[in-house]
There are 2 protein chains.
Amino acid sequence: MLSYTEENYLKIIFILSYPTAKEISTNDIAKNLNINAASVSDMLKKLKQKNLIDYAKYQGVSLTQEGRKIAVNIIRKHRLWETFLVNTLNFSWDEVHDIAEQLEHIQSNLLIEKLYQFLGFPKFDPHGEPIPDENGTFPETKDWICLNSCKKQQKIEVKSITDDSSDLLQHLDKISVNIGVKIEVIEKNSYDKSIDVLINDIKQCTLSKEISEKIYGVLLD
Amino acid sequence: MLSYTEENYLKIIFILSYPTAKEISTNDIAKNLNINAASVSDMLKKLKQKNLIDYAKYQGVSLTQEGRKIAVNIIRKHRLWETFLVNTLNFSWDEVHDIAEQLEHIQSNLLIEKLYQFLGFPKFDPHGEPIPDENGTFPETKDWICLNSCKKQQKIEVKSITDDSSDLLQHLDKISVNIGVKIEVIEKNSYDKSIDVLINDIKQCTLSKEISEKIYGVLLD
DNA sequence: TTTATTTTTTAGGCTTATCTAAAAAATATT
DNA sequence: AATATTTTTTAGATAAGCCTAAAAAATAAA
Ligand SMILES: [Mn+2]
Ligand SMILES: [Mn+2]
Ligand SMILES: [Mn+2]
Ligand SMILES: [Mn+2]
């Protein structure tokens with residue numbers, strides 16, 4: 001049985017390396033968990049000891065088979081709980097991430113099985129993030145592209161927001177961006193990498209790089 | 001913000017003193033939490049420091065206003081989650097206690113409000129235990145009596161089982177005792193304090209003291 | 001009312017997860 | 001290639017929550 005802390009380390013290593021499975025630096029983990037790099041070094045030693053990560057001093061870190069399995073299960077639980085909170089309890093999509101951060105650590109396979117069934121075997125969470133199935137397999141998303149990478153005049157249907165922070169999601173609500181809307185690139189501004197877009201063929205606005213790189217969708221036309 | 005551990009101490013102090021609010025001993029807490037009495041002494045000092053308990057060395061412990069409020073909220077969450085697990089996710093009543101022990105520590109007032117509403121403002125959990133409302137008020141149960149205290153030929157309708165352990169609940173399933181059944185006392189055996197009973201006017205069996213003292217109900221006729 | 005037993009507290013340790021400061025290694029710059 | 005900067009690790013501390021062993025207080029028994 002792992003501690004919440006250990007689970008959070010495995011989860012963040014997975015997320016930072018997804019989908020490439022590349023090696024992650026001590027500093028990246030430290031920044032993302034808001035802890036000191038020295039503490040991360042300590043924990044990496046411990047996780048290596050438990051055979052959950054591949055790690056050699058100064059060489060970065062990656063998950064072992066076993067570590068990946070645990071990380072994916074935490075992510076599965078997180079996203080199923082977010083789906084429950086929005087679909088069943090009528091939370092809005094910007095309110096659920098912090099609660100799911102807690103719920104993802106509840107230990108019970110039966111609970112997750114039953115929740116999964118109750119929710120109707122969902123494949124994506126309220127932010128469009130893919131929910132791995134009971135074998136750890138993620139639903140297909142390879143035709144999704146980043147809005148940020150679209151050329152002028154290309155148009156996408158939004159499939160996912162890759163950041164659940166309430167700040168961002170509330171901002172997206174304000175400009176009427178949610179899962180399913182169509183966004184067309186009107187202009188690309190090279191100076192600050194922002195883009196001018198048309199949302200659902202009606203509303204025009206400018207999206208900063210920070211925002212556009214978190215929106216993914218499928219190309220239309 | 002309290003730790004899970006602190007919350008568990010407050011909860012067990014409440015439960016051990018309910019409904020009398022009498023003083024609780026260090027040893028009682030230690031036995032119930034499966035920890036050493038020395039550890040309990042340490043924690044009591046800390047909880048007193050935080051004004052959550054009234055405590056003087058060697059004199060037993062009781063909850064302050066503030067401590068009681070927190071304890072009742074944990075119990076409310078525990079029982080609402082058990083209700084959710086049984087009513088919504090189709091768990092059986094013997095499977096839910098350990099999961100609720102984890103879920104009761106999830107921090108979010110909004111979550112509990114929404115869960116409460118989703119479940120239809122339940123007053124009792126799957127074991128018949130009263131669920132305090134948002135103000136900490138417990139539903140009325142003062143006409144409930146313990147099966148153990150019934151005289152020969154008295155008959156009750158079961159309202160609650162005051163122990164959620166799966167061992168006991170599975171045993172009760174086996175002898176067809178659940179919430180709502182009628183139990184009549186046929187004979188009281190003074191030697192071991194066991195009683196012979198008739199369940200739903202059909203099935204006769206003997207209940208040990210350990211079992212009969214955990215069954216509560218309302219007197220019939 | 002002494003003495004014995006039980007309960008509770010204190011003293012001193014251990015583990016986990018964190019920190020700061022300093023050392024070591026890797027990387028970037030001149 | 002030598003030096004400066006950044007990244008990572010080690011060393012040494014701390015707080016929470018637990019432990020065992022021993023001391024102190026309360027309670028029960030003689
Ligand atoms: Mn999330
Ligand atoms: Mn999400
Ligand atoms: Mn319970
Ligand atoms: Mn219960």
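Quick caveat: nothing in here was measured; it's all calculated off a predicted structure. Reminder, nothing fancy here: chain letters follow the sequence lines and each chain counts from 1.
- With 3.5 Å as the limit, one finds no donor-acceptor pair spanning the side chains of A:Asp125 and A:Thr83.
- Contacts of B:Asn32 classified as side-chain hydrogen bond (donor to acceptor under 3.5 Å, both in side chains), with partners at least two apart in sequence or in another chain: none.
- Listed nucleotides D:dC19, D:dT9, C:dT9 differ in distance to B:Asp42; the shortest reach to its side chain belongs to D:dC19.
- As a whole-Å value, the separation of A:Met43 CE from D:dT9 P is 14 Å.
- For B:Phe138 and B:Trp144, the ring centers are positioned 6.0 Å apart or more.
- The distance between atom CG of B:Asn34 and atom C1' of D:dC18, rounded to the nearest whole Å, is 13 Å.
- To the nearest angstrom, C1' of D:dA25 lies 10 Å from NZ of B:Lys57.
- Of the residues in residues 9-18 of chain A, A:Tyr9 come within less than 4.0 Å of DNA chain C through at least one heavy atom, sorted by number.
- For B:Glu7, the side-chain hydrogen bond (donor to acceptor under 3.5 Å, both in side chains) partners at least two apart in sequence or on another chain are B:His105.
- Near DNA chain D, meaning a heavy atom under 4.0 Å from it, residues 23-31 of chain A has A:Ser25, A:Thr26, A:Asn27 in order of number.
- Contact annotation: B:Ser41 side-chain N/O to C:dT8 OP1/OP2 distance is not under 4.0 Å.
- Taking the ring-ring contact (aromatic ring centres under 6.0 Å, His included) definition, one finds that B:Tyr116 meets it with B:Phe121, sequence neighbours left out.
- Following rounding to the nearest Å, B:Glu6 (CD) and D:dA15 (C1') show an atom-to-atom distance of 12 Å.
- Taking atom CG on B:Asn36 and atom C1' on D:dC18, their separation rounds to 9 Å, with Å as the unit.
- Listed candidates were D:dT9, D:dC19, C:dA26. Nearest to the side chain of A:Gln59 is C:dA26.
- Of the listed nucleotides (C:dT9, D:dC19, C:dC19), C:dC19 has the atom at the smallest distance from the side chain of A:Ile35.
- For A:Ala37, taking side-chain heavy atoms from C-beta onward, the closest of the listed nucleotides C:dT9, D:dT10, D:dT9 is D:dT9.
- At least one cation-pi condition fails for A:Lys45 and A:Tyr55: the charged atom is not both under 6.0 angstrom from the six-membered ring centre and inside a 45 degree cone around its axis.
- At whole-Å resolution of the value, CG in A:Leu44 and C1' in D:dT9 are 11 Å apart.
- Atom CE of B:Met1 is separated from atom P of D:dA15 by 21 Å (rounded to the nearest Å).
- The side chain of B:Tyr58 has D:dA26 as its nearest neighbour among D:dA26, D:dC19, C:dT10.
- Seen from the ring of A:Phe124, A:Lys159 does not count as a face-on cation partner, given the 6.0 Å and 45° thresholds.
- No side-chain heavy atom of A:Asp167 sits less than 4.5 Å from a side-chain heavy atom of A:Asp94.
- When heavy atoms are screened at a 4.0 angstrom cut-off, A:Tyr55 is found touching the sugar-phosphate backbone but no base atom.
- Sorted by first and then second residue, the ring pair (Phe, Tyr, Trp, His ring centres under 6.0 Å) pairs involving residues 61-81 of chain A (not counting sequence neighbours) are A:His78-A:His97, A:Trp81-A:Phe84.
- For the residue pair A:Asn148 / A:Ser212, a side-chain donor-acceptor distance below 3.5 Å is found, with atom types taken as modelled.
- Nucleic acid contact class of B:Ser39 (heavy atoms, under 4.0 Å, all strands): base.
- Look at CG on B:Leu47: it is 12 Å from C1' on D:dA16, rounded to the nearest Å.
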